[in-house]
Every structure is written in C-alpha cells, then in structure tokens.
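One structure is given here, and the rest of the page talks about it.
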2 protein chains.
Amino acid sequence: MEISPALNISNAEWQVMRIIWTLGQASSQTVSQLLAKKMAWKAATVKTLVGRLVKKGALTAKRDGKRYLYQPAISEQQAMNTASEMFVEQLCQHKIGKTLEKMIQETTLSQQDIQDLISMLQAKQKTAPKEVPCNCLPNKCQCQPGTCQQN
Amino acid sequence: MEISPALNISNAEWQVMRIIWTLGQASSQTVSQLLAKKMAWKAATVKTLVGRLVKKGALTAKRDGKRYLYQPAISEQQAMNTASEMFVEQLCQHKIGKTLEKMIQETTLSQQDIQDLISMLQAKQKTAPKEVPCNCLPNKCQCQPGTCQQN
DNA sequence: AAAATGAAATTACAGTTGTAAACAAAAGGC
DNA sequence: GCCTTTTGTTTACAACTGTAATTTCATTTT
C-alpha cells in the first residue's frame, strides 16, 4: 500500500508548510513575518527552507509580479498521515497503546473527534486480540506464514 | 513540564534500542545478528550505532569479558512518550484528531488498550470543546491572555 | 610469550538539517 | 533606461545520520 514517495519534510520545514497549508498560498515574506516571532528565524533562513521544499516537491511556486506565491503540493492531512505512519512503524506494537493514551492525554480534541475515536475503537474492539505481542525482535515476527518477507 | 534533555535517538539508532529494550541487555554481536536480516546492516554499522547511543547516554555499557553488554538508560515507554510528545507538538491541533484516527486504524490494539482508550476519551469528552482551532498561524495563538509567551 | 581472534574505537564519507550571509536577478520608481 | 528595492539563488558551514572500513586493543589459544 505504499504509494507516495514519502517526501521527507524536516522539522524546520514543517513549520513553513503549516503556514502555507493554513493560508492556502503565501509569499516567502508572509511566511517570514509569521514565523519571525515564533522561531526567531532570519528571512534568509525561511528562504532556504522554502527553496528546499520546492526542490523536494512539497511546494509549487507561481510567479506573482516580482515574487513567487508558494502553494502546497500535498494536503496537510495527507502529510500528517504519512508522518504518523512512519512514526508508528518505528515503535513497539506492544507498547503503542500506552503511547496513544499519552498522545490523547496531551492533546485537545473536539467533541466530534472524541466521538469518532470512540466509535472507531468500539468497532475495533470486536476483533481485537487479548494481547498484542512485542514485535521488536525480528525473529519473533508474527506475520502470516508464507506471506512474511522476513522469514 | 520539560524535564528530560530530549536525548535525540535517530531512526537507525531506534532499531538498535528496540532490541536492547526487549532483551534487557545485549552484546553488540547479539544486536548485529538480530538486525542483520531485517536491516541488512554490517556488524560495523551496528557498532557505530551502539557507540553513538552510549555517547548520547541512551545506553550504558558494562564490561563482560572481552566485550561489553549494553543496557538501556531510559525505558522504552518513556522514550516512546517523549517521541510522541515531540511528534504531536509539531502538528496542527485542529487536524490531530483525524491523525489519531489514522494511527488507531493502522495499529493492532489489545482489548485492554482499547478499553483504556475508550475510558480516557469518555472522561475527556466531559470538558472537550466543540471545535479545536488550528494553531498553525502564530498570530492566532489561543493561549490564556497574560500567560502566553508568544504575544 | 607470540599469535590469532574478536570486539571496540577511530576514521571516512556523502547526504540531510538548521541556520544564515552573500550574490544575482527582476521589477518598479524616477 | 538606470537605480533601488525586493525576492530568489548560490554558497557556507557545522552538526547529525546512515553506512561502513580500518585500526587498535584486549583476550584466548598455542
């Protein structure tokens, strides 16, 4: 199910993307001004980041008089999903539940979010196993026999 | 509430940590053997990673005859929590709910995990707002007036 | 004790990231 | 059409990462 070429966006770059995702499009000056306080970045720094994001294909640039307007090439939700996938893949499946608890604890969620999450969990409950084994040791792989690449 | 000095563990290093967390302690050879298949790393690579982890303070080394046995200096759950905190901080609060849904969808959770998550969400529901505003634009900061560092 | 072995430490090296200055190009003002 | 201002492009540079070979050091075996 891997389609997108991952499009690795670094932490600093992510800050820039958030602005442009929110505004739909923005000049580098706009981004600079908005991030100046929060990040204490010089305009030059923002320009570098914007340039890298264009090169990576995360932003597209449209000329607008003397400057460019930058637009996202992928949606924020899509990027967040990809990032969360990569995040989850890296962690012990046995302990991921506790980690999700932690994340939910420290996040503000809307009534609707919570309702959706509860519904999803209730559905999941129907087929959930008693225990999720730790998958940190490669040889304890739990894949279907025959399908597993590792064995 | 920031206590730990973050202790930045890279992706490749994380693979090593998972093995040692799971075994409690391990020689670099053990780690090599376990990761050889999964990661196609040479023994030298694993040694580099182990060395860096010791330098970073993520592992401690105890002599054991000719070699060392390495032990985690922080718990896996703690490291996962720190990682998840950093992950969440970087994302749009408005869209984090959908991202959590995505994570839950693609994760296998135990009955107990699901039960705990549901309870937590039900409690959270009591004080949850109707909408969580996007916090991507610094000037739309939602902090308490007076407490906010940004304004 | 010398040799062989196995592990750790040092060195390597290119790519990414954070942070930015310097330089170049384009557009608008005069 | 030339100058200035704004914006983009190139260059910089150190730290961190992924990946490993080489060298050194400690151990075990003859």
Q.
Going by the rule salt bridge (Lys or Arg N to Asp or Glu O under 4.0 Å), which residues pair with A:Lys42 if we only count those two or more places apart in sequence or in a different chain?
A. none

Q | Partner residues of A:Glu131 under the salt bridge (Lys or Arg N to Asp or Glu O under 4.0 Å) criterion, sequence neighbours left out | A | none

Q: Using a 4.5 Å cut-off on heavy atoms from C-beta on, say whether the side chain of B:Gln71 contacts that of B:Leu59.
A: no

Q: Determine: side-chain N/O of A:Tyr70 to OP1/OP2 of D:dG8, distance under 4.0 Å, yes or no.
A: yes

Q: Would you jot down, in residue-number order, the residues of residues 12-21 of chain B having a non-hydrogen atom under 4.0 Å from DNA chain D?
A: B:Ala12

(Q) Suppose we screen for salt bridge (Lys or Arg N to Asp or Glu O under 4.0 Å). Which residues come up paired with B:Arg52, at least two apart in sequence or across chains? (A) none

Below 3.5 Å is the cut-off: list the nitrogen or oxygen pairs between protein and nucleotides 21-30 of chain D, distance only.
none

Q: Please name all residues satisfying side chain to side chain contact (heavy atoms under 4.5 Å, CB included) with B:Gln77, sequence neighbours left out, ordered by chain then number.
A: A:Lys95, A:Lys98, A:Thr99, B:Ser75, B:Met80, B:Asn81

Q.
Restricting to side chain to side chain donor-acceptor pair (under 3.5 Å), what partner residues turn up for B:Gln93, sequence neighbours left out?
A. none

Q. NA contact type, B:Lys55, heavy-atom cut-off 4.0 Å: base, sugar-phosphate, or nothing?
A. nothing

Q.
Enumerate the salt bridge (charged side-chain N to carboxylate O under 4.0 Å, His left out) contacts for residues 57-68 of chain A, please, sequence neighbours excluded, ordered by first and then second residue.
A. A:Asp64-A:Arg67

Q. Rounded to whole angstrom units, what separation is found between the CG atom of A:Asn8 and the P atom of D:dG18?
A. 11 Å

Q: Select from A:Arg67 and A:Arg52 the residue whose nearest nucleotide in DNA chain D is closer to the 5' end of that strand.
A: A:Arg67

Q) Which residue, A:Met39 or B:Lys47, contacts DNA chain C at a nucleotide closer to its 5' end, judged by nearest heavy atom? A) B:Lys47

Q.
Per the ring pair (Phe, Tyr, Trp, His ring centres under 6.0 Å) rule, what does the pair list look like for residues 73-118 of chain A, sequence neighbours excluded?
A. A:Phe87-B:Phe87

(Q) For a 4.5 angstrom cut-off between non-hydrogen side-chain atoms, does A:Ile19 reach B:Cys136? (A) no

Q) Does anyone know the first and last nucleotide of DNA chain C in reach of chain B, 5' to 3', at under 4.0 angstrom to a heavy atom? A) C:dG6 to C:dA12

Q. Which residue lies toward the 5' end of DNA chain C, B:Tyr68 or A:Ala40, if each is placed at its nearest nucleotide?
A. B:Tyr68

Q: Tell me, please, which residues at least two apart from A:Thr30 pass side chain to side chain donor-acceptor pair (under 3.5 Å).
A: A:Ser27

Q) salt bridge (Lys or Arg N to Asp or Glu O under 4.0 Å) with B:Lys102: which residues, sequence neighbours excluded? A) A:Glu85, B:Glu106

**Q.** Gap between atoms CG and P, on B:Leu35 and D:dG18 respectively (whole Å)
**A.** 13 Å

